[in-house]
Amino acid sequence: MLRIYNTLAREKQDFVPLRPGSVGMYVCGITVYDYCHLGHGRMMVVFDMVRRWLLASGFDVTYVRNITDIDDKIIRRAVENGETIGELTARFIRYMDEDLEALGVQKPDHEPRATQYVPQMLDLIGRLERKGLAYKAAGGDVNYAVRKFPGYGRLSGKSLDELRAGERVEVDTGKSDPLDFVLWKSAKDAEPEEVKWDSQWGRGRPGWHIECSAMSCALLGETFDIHGGGQDLQFPHHENEIAQTEGATGKRFVNTWMHNGFVRVDDEKMSKSLGNFFTLRDILREFDAEVVRFFLLRAHYRSPLNHSDAHLQDAKGALTRLYTALKGAPAGDAKVDWDEAYARRFKAAMDDDFGTPEALAVLFDLANEVNRGRRELAGQLRALGGVLGLLQRDPQAFLQAGGGEGLPDAEIQRRIDARLAARKAKNYAEADRIRQELARMGVILEDAAGGTTWRRG
RNA sequence: GGCGCGGUAGCAAAGCGGUUAUGCAGAGGCCUGCAAAGCCUUUUAGAGCGGUUCGACUCCGCUCCGCGCCUCCA
């Protein structure tokens, strides 16, 4: 039985989907105006892992991950760059796709964009207005009347009065309550025509929160199983989604809310505003993408995860151990034998709120067994790795992959042959000279019964 | 100020009321012409103070420290 920590309940709960055997899952994607950083990467990899585990558990999964392609930052950036919103977002969507593909993140079943769902958003706003939950303010914006929604604050554990007492809530004169949020922003003259839609409340564009309510309902229905996103979306974004959707439908919106922890740098949240972020692009130039994925799955998804080169280096060493155990094992698609003891441990770990650290520990135990001579378990190791989107490459290809500035493979082979000749002639001084020379260039030789192999260290 | 999360060995990171987590690093050994890899053995834990218990890293309370949300943010 799969158990998931539900933010709404603040505890792990048995996961029971609405319709037996199938799961509807929505995850808040990113706003496309810049490169993805490692924090985005973590969210993407974590929910990719969740989806893969649901599939491996036999569920029929519909996975929706949106793209926010209209918002203040996008508009500002496009104006700065002197390009259209469409050009800017198309470019960063392409970069995102490239980064995610490298990380082994599979495409969601649906990847709706906010700009494609404006009619659905307007419909939702209309319903909210008819129920008295939305009102048009003096400035022309349509706002959500937070006080009119009884459950507001349940997800984030905040009460309206506590929020009110906070010093950081800015005062906006157009709002009846400082905590009200915008559903529809009235168009400003300075803004490009591209961001103006007609509506019964006048020309304008959607507020941020409404898009997720509209898109999730359109693709998964008014009530669905799992909604995920980064911890920072818990409030206000997800709180507002609940208010909007449940306010309009009168039904329960989402059963299970999942939030992944932050990536940190020096114990501080990695974020755009702090400027301490590392883009996936830059990291992937230095580290193998699978190493990055492994690094991200090595921590539990709800725990904070510190980023540094040393940690990534450590992850590389660990993943190398797994691939080393796989050396010589037949490639191809191994299937998991779920009755086998290690697989059962793996499953128990994953069923306990997606315990990837424990699941990976099982993989290392399995590697040890393989190294001790139980070669028949290599397929199981590879197959279980595959459940997490790992270990699917040819081991040799992984072990020999590396920096672009290294020696070409053919040159390495030539020197290995020269060393072999020296060894045959018992000229060990020359053989060792070649080994050390290669070692200085990051190439490690391994003599085995079947011949000499090499890898990059 | 309000709400919440966490403090585990040199580093990273889990589960668990009593039995080796795991990876990297360190030490010794086996193997090797020498190595590497692997295997075997092994050193480093559970912020502090109380409490519950036959027994606590694991449950409860307090203290200290760190982090997050309360504003755009994965």
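Residue numbering restarts at 1 for every chain, and letters A, B, ... go by the order of the sequence lines.
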Euclidean distance for [atom1], [N] against [M] (whole angstrom):
N	M	atom1	result
B/C11	B/C3	C1'	33 Å
B/G2	B/U58	C1'	30 Å
B/U41	B/G46	C1'	25 Å
B/G26	B/C60	P	39 Å
B/C57	B/A47	C1'	12 Å
B/G23	B/G4	P	38 Å
B/U52	B/G17	C1'	11 Å
B/A45	B/U22	C1'	14 Å

With a 4.0 Å cutoff (strictly under), does any side-chain N or O of [X] reach OP1 or OP2 of [N]?
X	N	answer
A/N368	B/C40	yes
A/N260	B/A74	no
A/R321	B/G38	yes

Response to the item:
Tightest non-hydrogen contact, residues A/L381 and A/A325, listed as CD2-CB, 4.2 Å

Worksheet item: Which ones in residues 431-439 of chain A lie close to RNA chain B, meaning a heavy atom under 4.0 Å from one of its atoms?
Response: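 Residues of residues 431-439 of chain A that come under 4.0 Å of RNA chain B are, in numerical order, A/D432, A/R435.
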
For [X], answer base if it contacts any base atom (sugar-phosphate contacts may also be present), sugar-phosphate if it contacts only those atoms, and nothing otherwise; contact means non-hydrogen atoms under 4.0 Å.
X	value
A/V263	base
A/D267	sugar-phosphate
A/D71	nothing
A/A318	sugar-phosphate
A/G41	nothing
A/G229	sugar-phosphate
A/S271	base
A/Y428	base
A/M44	nothing
A/I444	sugar-phosphate

May I have the distance from [X] (atom [atom1]) to [N] (atom [atom2]), rounded to whole angstrom?
X	N	atom1	atom2	result
A/I283	B/A74	CD1	C1'	14 Å
A/F235	B/A74	CZ	C1'	17 Å
A/E239	B/C69	CD	P	16 Å
A/L399	B/A37	CG	P	12 Å
A/R375	B/C39	CZ	P	11 Å
A/L420	B/G33	CG	C1'	14 Å
A/L366	B/G23	CG	C1'	15 Å
A/M350	B/U22	CE	C1'	16 Å

If you only use heavy atoms from C-beta on, which nucleotide in [options] is closest to the side chain of [X]?
X	options	result
A/F364	B/G23, B/A37, B/C73	B/G23
A/L233	B/G23, B/C73, B/A74	B/A74
A/E446	B/A37, B/C72, B/A74	B/A37

Practice prompt. Give a yes or no on whether the ring-centroid distance for A/H259 and A/H238 is below 6.0 angstrom.
Written response: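 Close enough - the centres of the two rings lie under 6.0 Å apart.
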
Item to complete: Please confirm whether A/F92 and A/Y95 have ring centers closer than 6.0 angstrom.
Response: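 Yes.
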
Do the rings of [X] and [Y] sit parallel, tilted or perpendicular, given the 30° and 60° boundaries?
X	Y	result
A/F224	A/Y26	tilted
A/H237	A/H209	tilted
A/F295	A/H311	parallel

Practice prompt. Starting from the 5' end of RNA chain B, give me the residue, A/G39 or A/L360, whose nearest nucleotide shows up first.
Written response: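 Looking at RNA chain B, the more 5' nearest nucleotide goes with A/L360.
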
Response to the item:
Closest to the 5' end of RNA chain B, once A/D365 and A/L38 are matched to their nearest nucleotides, is A/D365

Between [Y] and [X], does any NZ, NE, NH1 or NH2 come within less than 4.0 Å of an OD or OE carboxylate oxygen?
X	Y	answer
A/R76	A/D72	no
A/R435	A/E446	no
A/K107	A/E111	yes

Worksheet item: Do the side chains of A/M44 and A/L103 get nearer than 4.5 Å, heavy atoms only?
Response: no

Worksheet item: Hey, does A/T256 have a side-chain heavy atom less than 4.5 Å from the side chain of A/D225?
Response: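 The answer is no; the side chains never approach within 4.5 Å.
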
Can a donor-acceptor pair under 3.5 Å be found between the side-chain atoms of [X] and the base atoms of [N]?
X	N	result
A/K269	B/C67	no
A/R372	B/G38	no
A/D72	B/C72	no

Fill in: Stem regions touching RNA chain B, defined by at least 3 consecutive Watson-Crick or wobble G-U pairs below 3.5 angstrom
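Result, WC/G-U stems under 3.5 Å: B:1-7 with B:64-70, B:10-12 with B:22-24, B:26-30 with B:38-42, B:47-51 with B:59-63.
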
Worksheet item: Between OG1 of A/T452 and CD1 of A/I412, what distance do you get to the nearest 0.5 Å?
Response: 13.0 Å

Worksheet item: How far does CE of A/M49 sit from CG of A/L390, to the nearest 0.5 angstrom?
Response: 11.0 Å

Worksheet entry | A/R10 side chain vs A/L155 backbone, donor-acceptor pair below 3.5 Å |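 Indeed, once roles are kept as given, a pair shorter than 3.5 Å links the two residues.
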
Worksheet entry | Footprint string (nucleotides 3-19 of chain B, 5' to 3'): B base within contact, S backbone only, - free, heavy atoms under 4.0 Å | S--------SSS-----

Worksheet entry | Stacked cation flag A/K12 on A/Y5, 6.0 angstrom / 45 deg | no

